[in-house]
Amino acid sequence: MVQDLDMVKKVYANFKSNVDAARKLLGRPMTYTEKILYAHLKPANGSKGTELNNFARGKDYVDFFPDRVAMQDATAQMALLQFMSAGIPKVAVPSTVHCDHLIQAEINAKTDLATANKDNAEVYEFLANVSKKYGIGFWKPGAGIIHQVVLENYAFPGGMMIGTDSHTPNAGGLGMIAIGVGGADAVDVMAGIPWELKFPKLIGVKLTGSLKGWASPKDVILKLAGILTVKGGTGAIVEYFGPGTTTLSCTGKGTICNMGAEIGATTSLFPYDSRMADYLKKTERAEIAKLADGLSEYLKTDIEVEKNPEKFYDQVVTIDLDTLEPHVNGPFTPDLATPISQFAKAVKDNNWPAQLSAALIGSCTNSSYEDIDRVASVAKQAAAQGIKSKCEFLITPGSEQVRATIERDGQLGILEKLGANVMANACGPCIGQWKRHGAQEKNSIVTSFNRNFTARNDGNPKTHAFVASPETVIGFALAGDLSIDFTKEPVMNDKGEKVMLQTPKGLDLPDKGFVKDEHGYVAPAADGSSISVNINPQSDRLQALSPFKAPHVENDFNSLKLLIKAKGKCTTDHISMAGSWLKYRGHLDNISNNLLIGAINAYNGEANKVKNQLNGNTGAVPATARDYKANGIGWIVIGEENYGEGSSREHAALEPRHLGGKAIIVKSFARIHETNLKKQGMLPLTFATPADYEKIKEDDTFSLNAKDLAPGKQLTLTVKHADGQTDTILLNHTFNEQQIGWFKAGSALNLIAATSKK
């Protein structure tokens, strides 16, 4: 059964006419990205929506109507708590919840899944009941990682979706615009109201040639991350085009789009082709492939754009797949890209630990059938030559469909014989859900994941985490040493003999088709009105939400204190850690105890140690924020570039709002985090002169003219220093009229709730 086929048919029924109207208005050829965006100015049924216009990239805010919403269990809790408080009886678009984040990897798949079901029973029951009541599809723990399951069941060429996870762009591998957002944005779409996005700039990536040797699709995005950096894609959609796109599998394209989040891109996208059609057919969606084939000329960039890309994209990058090497990115940031031919030298020059302590394959980025089949081909030849993994070796299948299929086809057995430990079909170590034993000293790991921020995977800030393709990961696992280029140098077998590893080979799709997951999905009730959702007031996992109060713009922004001046990289992991804190994602007050505990204080170089200006003592960041709040004192945070990089988690915006924060003032923001702050009634502001960051002192007191907030108008921060001197600092913002309405109401949700009661 094809999920939501009627909705897909409606999208396709209007797609051609919508694009034709847009092309006529623009008077020029169109990129594929533009076609999808303009086709979603109205709901799928074609009813009244956004007025057609020649929108200015990077400037105009535009209302879109996405086709569906996907939520993972950690972010779904807060998203659904907000949806419930809005008083809406049923979701307006197809929506799903996927239980993939709360399963901790420790022993093996069976044991860890049983533990998760026991430890998280309250949360799983809540999510299941809310889903059943409000018309949301529910994927049980163990069914798989959200993005793999979406690719297998819901993504379709030309569609548009949002998801409460930053790696939602994975669906771009099936030609879909899929954007990571915070829970409040998801509430907008589930409530049936337009979803706002600044019309993105376009980065065109031209692919030529075809991959050779050990190179894989992952290496495309690893190289691109090195070119564009972690903020190079901010405010832009990355669109791939050129003859090289057709040489990549659908899931390989998904890998590339998935990790586009690491360059700050709004999303990433590939044009529809026969490789996507093959995937649709193998996943029992031949009807969608047939519909897409009928629109194939509309589901790709116009030929004139391909011939003269510089005229139509804001930036063009060319990557020659013929010459692309395997890359290794890291440590501590996903954009430090090193070709494998230069990696051994980099290890030595930087004094990175050469001995490998763990190798991990999986995550939403690299857990497809193709990934595992190519890895298994290396494992099979290694076993035949007496080579075993020389470090801890973990495998995480992306879904039960993938796991069951690789068990049937034998890859799982091959990997287990090599020494691999197969974990549950979940995110696990990729998001810090790894109960790692030992290895608290300085060490190196290599993963096929997407992120490698400090302490992200195992909680150890001394762990040097490197990101690579699955093929590169198993190569290093067999070498055991990061200073060995296993693509050109031999590795040692159990007899002490030197053996060369041969090039990986594998199928992108199983010859016998996939083994369907018959038990992972629970459909919602046809009528959920009689279903009750109860939250225990004594629970430490779930907490009903109370609306944030609307601000008093004349009084609430005077005599503000500094909570922390963050130095260097400050990601959402620094602002609201994952790992063990995931258990509190449905309890705002409890999870607020991790607010900014990973951020580095610019005044002492330490984490979670800030000065409390009320008593002069040094204390934890959350405790200091609570003390200010208890005394009726608002506070601000100061930060540097790309503040809020990383996950879409809106807890990083909810927590400062809950604990009395008024404004976050930085040199620049990551897109999702800036929007999340606005949605929760915070003021995300940027220094008009970035060097003014240096003017902020630890004992300063601040006043902000929030009453003058208006589109395009700068705000003024008056800074009073302890010695009585003052500085006046100009601040920029990106608020439009609608977003100012969110601020004045106390949050975007307050406006939705007020509207739903009329």
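For clarity, every value in this text was computed on a predicted model and none was experimentally measured.
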Kindly say whether Ala143 contributes a backbone atom to a donor-acceptor pair with the side chain of Asn425 at under 3.5 angstrom?
no

Would you say the side-chain atoms of Thr267 pair up with the backbone N or O of Ala178, donor to acceptor, closer than 3.5 Å?
yes

Approximate separation, where rounding is to 0.5 Å, of Gln3 CD and Tyr154 OH
4.0 Å

Donor-acceptor contact present, side-chain His167 to main-chain Thr365, <3.5 Å
no

For Asn329, does its backbone N or O pair with a side-chain atom of Asn452 as donor and acceptor, under 3.5 Å?
yes

Could you tell me whether the side chain of Thr245 and the main chain of Gly242 form a donor-acceptor pair under 3.5 Å?
yes

Quick check on the 6.0 Å ring-centre criterion: do Phe15 and Tyr298 meet it?
no

Pairwise distance CD(Gln104) to CD(Gln433) - rounded to 0.5 angstrom
5.0 Å

Listed once per pair and sorted, the side-chain hydrogen bond (donor to acceptor under 3.5 Å, both in side chains) pairs that draw on residues 174-189, sequence neighbours left out
Asp185-Trp195, Asp185-Lys679, Asp188-Lys679

For Phe156, is the NZ or CZ atom of Arg285 found under 6.0 angstrom from the centre of its six-membered ring and inside 45 degrees of the ring axis?
no

Short side-chain to backbone donor-acceptor contact, Ser274 and Ala277, under 3.5 Å:
no

Around Lys42, counting heavy atoms of other residues, nucleotides and ligands shown, do more than 12 lie under 6.0 Å from its NZ?
no

Any donor-acceptor N/O pair, Lys35 side chain to Lys300 backbone, under 3.5 Å
yes

Here the salt bridge (charged side-chain N to carboxylate O under 4.0 Å, His left out) pairs for residues 400-409, sequence neighbours left out, are Glu400-Arg403, Arg403-Glu407

Output yes when a side-chain donor or acceptor of Glu471 lies under 3.5 Å from a complementary backbone atom of Trp214, and no otherwise.
no

Do any N or O atoms from the side chain of Lys218 and from the backbone of Ser448 form a donor-acceptor pair under 3.5 angstrom?
yes

Can you list the residues that meet the side chain to side chain contact (heavy atoms under 4.5 Å, CB included) rule with Thr301, with sequence neighbours excluded?
Thr31, Tyr32, Glu239, Val305, Glu306, Tyr313

Can you run down the side-chain hydrogen bond (donor to acceptor under 3.5 Å, both in side chains) pairs that involve residues 107-118, sequence neighbours left out, and say none if there aren't any?
Asn108-Thr111

So the salt bridge (charged side-chain N to carboxylate O under 4.0 Å, His left out) pairs with at least one residue in residues 502-518 (sequence neighbours excluded) are Arg275-Asp508

Under the side-chain hydrogen bond (donor to acceptor under 3.5 Å, both in side chains) test, which residues partner Ser95, sequence neighbours left out?
none

Donor-acceptor pair, distance only, cut-off 3.5 Å: does the side chain of Asn421 make one with the backbone of Leu394?
no

